[in-house]
Number of protein chains: 2
Amino acid sequence: MAGETSRPAADATTDPELACPISPVVDIVFSRWTSPILWSLHAFGRQRFVELERRIEKITPKVLTQRLRQLERDGLVVRTYHPEVPPRVEYEISELGRTLSPLFAQIAEWATTNLDHVERARRHYDEAGAPRG
Amino acid sequence: MAGETSRPAADATTDPELACPISPVVDIVFSRWTSPILWSLHAFGRQRFVELERRIEKITPKVLTQRLRQLERDGLVVRTYHPEVPPRVEYEISELGRTLSPLFAQIAEWATTNLDHVERARRHYDEAGAPRG
DNA sequence: CGGAATCCTCAGCGATACTG
DNA sequence: CAGTATCGCTGAGGATTCCG
C-alpha cells in the first residue's frame, strides 16, 4: 500500500471493497500456527528449531518450517544460521515483530476477562439457543 | 475442557502446553471470515443477511450462515428473527462483541503504520533473502 | 540438527438446487 | 428473503523418508 497516490482517503465506512481493514493483518499475524510461534518467540526469546518444535506441541516440522519461512518473509521473525557441525539455526522476533507486543497483550487481557463469557454463551446456545427461523 | 478442577494457575511461561494464551481468542475472533463479518457489523450496525452477503464480497450464503451461527454461539453476534412475509433476519454485534472494539482499533492502527513494512520485507526477501542452510 | 521431498488424507469451501 | 441439502473438489496439513 505504498504507491497509493491520491486516493480520496478510502474509508472503511464508505468503501465496500475495503470492508475490513484488519483482514490483511489477520492473514499475516493470526494465520494458522503463527500466533503460538510468535508468542513462543516473544515469551521465551531466541530459540532453535527443535525448541520451538517441542514447545509448540503437535506441530509437524514441515508446517513449522513453512510458518517460520512465512514469518521471516513478512519480516516478523529473524532467522540466524550458524554453519557449525551439527548445524544450528536460531529464530527470534524482529523489531517489526516486537511492535506486536501491545497487541498480543491486549488480546491476552481480553482472553482473561471475556473467554469465560464465550464459554457460557456456548453452553447456553447448545442447551436452548438453537435459532428459530 | 470444563472438568478442570484445581489446576495450579498454569502460567504461559511455565506450562509448555499453554504455549499461547491468545490462541483461543484467535480461534474465536480471527477464524476464517469472522473478521470481515464482525467488522461489518461493527462499522455499519445492524444488518440483514443479504446486506452482509453483498458487503462481504465473495462469501457464499452457506459459509456466511456457518460463520454467523458460530459467532452467535460464541455470544459475539445477536440474531433477531422477524416472522414476517417475506422473512426478515437481522444481525448485530452483541455487548460482548463490542468489547472487541479497542482490539480492532489497535489492529487497524498497526495496519496503517506497519503494513508497508511487511510489504517491503517481502520484496526484500523475494529478491535476495532466500535462506541459506 | 534442520530441514527438503514425497505421498496422501480429509475437512472446508464452492457450486448448485431446493424450501418455508 | 433466509436459509438448508447435497455433491465434488481443492489444498492445507500429516506421515514418512532422506539429505547436508
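Chain letters run A, B, ... following the sequence lines, proteins first, then strands; residues in each count from 1.
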Rounded interatomic separation in angstrom, taking [atom1] from [X] and [atom2] from [N]:
X	N	atom1	atom2	result
A/D27	D/dA12	CG	P	13 Å
A/F49	D/dG20	CZ	P	18 Å
A/R69	C/dA5	CZ	P	11 Å
A/R88	C/dG3	CZ	C1'	16 Å
A/Q70	D/dA12	CD	P	11 Å
B/E84	C/dG20	CD	C1'	15 Å

Got a sec, which residues hit side chain to side chain donor-acceptor pair (under 3.5 Å) with [X], two or more places apart in sequence or on another chain?
X	value
A/R120	A/D116
B/Q47	B/R55
B/H42	B/S101
B/R122	A/D74

* To do: Say whether B/I93 and A/Y125 are linked into one hydrophobic cluster, either directly or through other cluster members, by side-chain heavy-atom distances under 4.5 angstrom.
  =>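 No; tracing contacts between hydrophobic side chains, which count when under 4.5 Å, never links both residues.
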* Does A/Q66 have any side-chain contact (heavy atoms from CB on, under 4.5 Å) partners at least two apart in sequence or in another chain, and if so, which? ->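 Counting only residues at least two positions away or on another chain, A/Q66 forms a side-chain contact (heavy atoms from CB on, under 4.5 Å) with A/K62, A/V63.
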* **Contacts of B/V89 that satisfy side-chain contact (heavy atoms from CB on, under 4.5 Å) - sequence neighbours left out** =>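 side-chain contact (heavy atoms from CB on, under 4.5 Å) check on B/V89 returns B/R79, B/Y81, B/Y91.
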* List the protein contact pattern of nucleotides 8-14 of chain C with one symbol per nucleotide (5' to 3'): B for base contact, S for sugar-phosphate-only contact, - for none; contact means a heavy-atom distance under 4.0 Å. => -----BB
Select one nucleotide: of [options], the one nearest the side-chain heavy atoms of [X].
X	options	result
B/R54	C/dC1, D/dC1, C/dG3	D/dC1
A/Y91	C/dG2, C/dG20, C/dG3	C/dG3
A/R48	D/dA2, C/dG3, C/dC1	C/dC1
A/R79	D/dA2, C/dG3, D/dG20	C/dG3

* **All salt bridge (charged side-chain N to carboxylate O under 4.0 Å, His left out) counterparts of A/E51, not counting sequence neighbours** =>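 A/E51: no salt bridge (charged side-chain N to carboxylate O under 4.0 Å, His left out) contacts found.
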* **Verdict with reasoning, B/N114 to A/L100, per side chain to side chain contact (heavy atoms under 4.5 Å, CB included)** => CA-CA 10 Å; B/N114 293 321; A/L100 291 167; over 6 Å; no
* **End-to-end axis angle, where each axis spans five pairs of the helix from C/dC1-D/dG20 to C/dG20-D/dC1, to 10°** =>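 Inter-axis angle at the ends, rounded: 50°.
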